[in-house]
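What's counted below: heavy atoms across the whole structure, side chains too, no hydrogens, waters or symmetry copies.
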Amino acid sequence: MMEAATRDIEYFDDEELDRFQGRDGNAYSDEEAEEFREVLLTMRESEVKDWSRSLTLRGIQVPDQVKDEFLMLLDN
């Protein structure tokens, strides 16, 4: 975990999501959640873990509307 925290933040062509920093997962509109879904569905499954780390380090919570899909891919 310490190693993950010291590496640079990796972006996944998702810099626009930085505007959601500090927002709770239950505070997204369906349109905003769709932005996360679009990024999620364009990445390889092997990238989901790194994307999760990136979002965490950036202080961005995944919208509740997308969490099930996100966790399903994260577990693979």
### Ile9 backbone acceptor or donor facing Arg58 side chain under 3.5 Å
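No, Arg58 side chain to Ile9 backbone: no donor-acceptor pair under 3.5 Å.
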
### Query
Can any side-chain N or O of Glu10 pair as donor or acceptor with the backbone N or O of Ser54 at less than 3.5 Å?
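Absent.
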
Reported [atom1]-to-[atom2] distance for the pair [X] and [Y], which is rounded to 0.5 angstrom:
| X | Y | atom1 | atom2 | value |
| --- | --- | --- | --- | --- |
| Glu35 | Asp30 | CD | CG | 12.0 Å |
| Thr42 | Glu47 | OG1 | CD | 8.0 Å |
| Lys67 | Gln61 | NZ | CD | 5.5 Å |
| Glu32 | Gln65 | CD | CD | 9.0 Å |

### For Glu31, side-chain contact (heavy atoms from CB on, under 4.5 Å) partners two or more places apart
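If we apply the side-chain contact (heavy atoms from CB on, under 4.5 Å) test to Glu31, skipping adjacent residues, the hits are Ser29.
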
### Query
Is the CZ atom of Arg44 crowded by more than 12 outside heavy atoms at less than 6.0 Å?
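No, the 6.0 Å shell around CZ holds no more than 12 heavy atoms from other groups.
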
#### Entry: Crowding at CG, Asp68 (>12 non-hydrogen neighbours, <6.0 Å)
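No, the 6.0 Å shell around CG holds no more than 12 heavy atoms from other groups.
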
### Query
Are any of the side-chain nitrogens in Arg53 or Asp50 under 4.0 Å away from the carboxylate oxygens of its partner?
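Looking at Arg53 and Asp50, the cut-off is not met.
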
#### Entry: Side-chain hydrophobic cluster, 4.5 Å single linkage: members besides Val48
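Reading the cluster by chain and number, Val48 sits alongside Phe12, Leu17, Phe20, Tyr28, Phe36, Val39, Leu40, Met43, Trp51, Leu55, Ile60, Val62, Val66, Phe70, Leu71, Leu73, Leu74.
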
